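Since the structure comes first, as structure tokens, the remarks are kept for the end.
Within every chain, numbering begins at 1; the chains are lettered A, B, ... in the order of the sequence lines, protein sequences first and strands thereafter. Remember, predicted model here, so these are calculated numbers, not experimental data.
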Amino acid sequence: MEISIKMLIASIAIIMMIQVCLGVYISMKYKKKLRKTNRQETYMESVQQGWYDFFFGEHREVPDVLIPTNKEEIQVVEYIFLTYLNKFSNEGIREKVQHFANAYLHAHYAKQLKSVKWSIRMNALFRIFDFHIDRLKDECVKLENKKLSTEEWFQLFKIYAIFDVSGFLSKLANYPNSFSEHEYRKLINNVPLDSFVILFTHFKELPRACQLSIIDIVGLKRHSDHVPFLEEQIQSEDSEIRIRSLKAVYEIGWMIDLETYKPFVQSPIWEERLMVSKLFSRLPIEQTYPYMKKLLEDESWWVRSETAHSIARVKNGEDKLLEFLQTSNDSYALEMVQEILQKGYE
Amino acid sequence: MMDSSIQQNKGLVLTEKEAASFFDFLTANVVRSKISITAIVVSIRNSSTMREIRDTKKEMEIEAFLHKEIRQTDLLVNLNHPFQWCIVLAHSKEEEAGAFLNRVCDKMMNNNAFCSNEEDCKLFACVMEMRNSDVQFQDVITKGQQVLQGSTGEGQWNIEYVEDYKRIEVEEVKVSIIEENQLFCNILHTSLANMNLDRFRLNIQTFQDGYAFIQSDWHSSSHVHIIVMNDILPRKNGLEVLHMIRSLPNNQRFYIFMMTKRKTEEDMIYAYDHGVDRYIVQPFNIRLFESQIKRTLERLWT
């Protein structure tokens, strides 16, 4: 196929024209962005002292000058709020942000929630969660009628976890898909500590991964009032729930009753025996030694090792290990104890 | 007097003339070491007449007793005026001087023949704490003697406190805030700049990353230097800056506040083991942070 010279020149000219237009377009876009950044920086300069005084001062009323009037200014205010929330724990900051966002930003996010663009809706959900905008709770519930992505559902659950724990749990129990344990942990972590009792009430109705996450978070929060819940779970038929509960009790660091945990010394599951040997290190060695001696002679290397470390850490533990060396015939256990005594137990 | 001055690891006993140069040496170190010294001008008088005692033997006994009571780092100066001494307590504030005098008074009352009878003699003391180097020994002696002259002698032992030399010169302290978030940096800057400090002037500079701080010569001066930095920073992170600072000679003048989001005990132990002075987990209370800075500055003077 032959192409005439004229055609070729015309094609080149068109391509060049397109390139020039593209170049001009990109350069205009860049300049526009630069102007926007400069405007936002200038706005930031003008309001940052005002926000400092508002958050750290006595005044509860917002000066008019701090109220954003357009989208660019709202973006700056978002950045300011996130910085204060993430960096400072001063009493009142969270409440001031929530009050301001409910009063002056709710309309902006309500509009964003109705957007057809996923990213804009997601941004609104993130900010409703970050700033605790409870005025938009109903708007969030309405959003459920739309076809939502998993990410949007996840953000919705995060919002429900802070505003309405009962509703959050019933929705979570009926949610057709499931989240990973890591995601459940992120959700549960947002439940206020004083609402954990509601979590415990609905515990059985929740997916297993969520149950495991609740146990993990209870351990991380280290609240001694939650030990009875965990001691209930160590009677579960599910071995993983039992192991996680034993671990959580250990994390909380609360004094334990020997009788409750004694049966785990005989457990056929080595992880349970390992956890109980860790737990027994919280009690005086004089009380636990008969059980620890048995665990020192356990068939699992992990249990033997953990038990030897646990004994060595407690008061008079090294004496007990020396006593064990004199009395035991188990060569595996003796080897472990000798190693701990020689190398140290850190 | 000098020949017999070093006995059983006790402090020196000097004449008024000899003491002046020692005193200058001690006061010159006051500002640099930020540790006060305290001078006590002691006068013993007859407790009934309030006049001076004229008994050379007793004067020697009292001097030997005072010499026994001072530490190896202290000076006992025999003043030209009879029955008057100046005790210079190194590394001591007026509170310690007060405790020293109480101990001396008790012992004079209970254990020593020269003052066993209350009617016999009475101790007058003027305590002067020194926190700057612009003090001349002769001025201190004159001031002490003037105060003691005007002392009425009420009470069993008479101790007067003089505040004249406690003034501390305003000291410049450098502060570096190393933080990537410009707004956070500005908030910390405002907070520190607004702090009400009597004895210190904070010279604050901010850096966006660890490399910019290391490359600057801002950390090279001999000023006390407070560093407030994030553990995660672009280019050189907080731990690298920490290692660099702690490898500098005279690094004790740096007080490092490490801000972090990580709150595991292992991270904290690691940071403290490598030379962090305070580990601040974000989010933190800005007022608490200011109090920690204030306390750090107050502790500079011991």
Side-chain angles (χ1 to χ4, degrees), chain A residues 37-38 40-59 66 68 72-98 130-132 185-186 189-190 216-217 219-222 250-253 313 346, chain B residues 175-196 202 204 206-209 227-234 238 257-270 272-273 278-294:
Chain A
T37 309
N38 287 339
Q40 287 187 321
E41 278 176 5
T42 311
Y43 177 70
M44 169 76 92
E45 285 285 316
S46 68
V47 295
Q48 60 177 294
Q49 184 61 46
W51 283 114
Y52 179 92
D53 295 337
F54 176 63
F55 283 127
F56 296 139
E58 299 295 317
H59 305 294
L66 297 183
E72 284 178 10
E73 291 182 359
I74 287 176
Q75 283 174 351
V76 174
V77 171
E78 280 179 353
Y79 176 71
I80 292 172
F81 280 6
L82 289 174
T83 300
Y84 275 92
L85 288 171
N86 293 332
K87 305 289 185 186
F88 300 108
S89 62
N90 290 46
E91 204 181 322
I93 289 184
R94 158 82 48 210
E95 288 71 24
K96 284 178 178 176
V97 166
Q98 184 178 21
D130 290 333
F131 306 152
H132 289 197
R185 271 199 293 272
K186 281 173 89 173
N189 209 19
N190 293 306
D216 289 350
I217 295 293
L220 284 175
K221 298 271 182 189
R222 294 186 174 182
Y250 176 75
E251 295 286 342
I252 289 176
R313 272 195 294 266
E346 285 305 320
Chain B
V175 180
S176 299
I177 303 168
I178 317 174
E179 165 61 45
E180 191 184 6
N181 181 325
Q182 188 58 53
L183 175 64
F184 184 39
C185 226
N186 292 345
I187 295 168
L188 294 177
H189 189 292
T190 308
S191 158
L192 292 172
N194 288 347
M195 273 169 65
N196 192 14
L202 301 185
I204 310 166
T206 59
F207 299 87
Q208 297 286 106
D209 59 72
I227 298 174
V228 183
M229 66 178 170
N230 210 326
D231 58 342
I232 298 168
L233 293 166
F257 286 64
M258 177 84 90
M259 299 180 296
T260 179
K261 279 183 184 167
R262 291 183 289 193
K263 54 182 170 187
T264 66
E265 281 155 358
E266 286 75 19
D267 289 330
M268 290 186 197
I269 292 166
Y270 183 85
Y272 280 118
D273 281 351
R278 269 195 195 274
Y279 192 78
I280 306 171
V281 179
Q282 296 167 354
F284 59 86
N285 188 312
I286 192 83
R287 301 289 169 239
L288 181 65
F289 169 72
E290 287 170 3
S291 297
Q292 288 169 336
I293 294 278
K294 260 189 195 167

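Side chains of Asn86(A) and Gln282(B): no donor on one and acceptor on the other come within 3.5 Å.
Contacts of Tyr52(A) with chain B are made by side-chain atoms alone, with heavy-atom separations under 4.5 Å and no backbone atom involved. Interface residue Leu85(A): only backbone heavy atoms are found under 4.5 Å from chain B. Using a 4.5 Å cut-off between heavy atoms, Phe55(A) makes no contact with chain B at all.
The two atoms that bring Gln182(B) and Tyr79(A) nearest to each other are N-OH, 4.2 Å, heavy atoms only.
For the atom pair Leu183(B) CG and Met44(A) CE, the distance stands at 4.5 Å (nearest 0.5 Å). Here the CD1-CZ distance, from Ile286(B) to Phe88(A), works out to 4.0 Å after rounding to the nearest 0.5 Å. For the atom pair Gln48(A) CD and Asn186(B) CG, the distance stands at 4.5 Å (nearest 0.5 Å).
Within the 4.5 Å cutoff, the side chain of Lys87(A) has heavy atoms near those of the Asn230(B) side chain. Counting only heavy atoms from C-beta outward, the side chains of Ile187(B) and Phe56(A) approach each other to under 4.5 Å.
Within 6.0 Å of NZ on Lys221(A) lie more than 12 heavy atoms contributed by other residues, nucleotides or ligands.
A donor-acceptor distance shorter than 3.5 angstrom exists from the side chain of Ser89(A) to the backbone of Asn285(B), with no hydrogens or angles considered.
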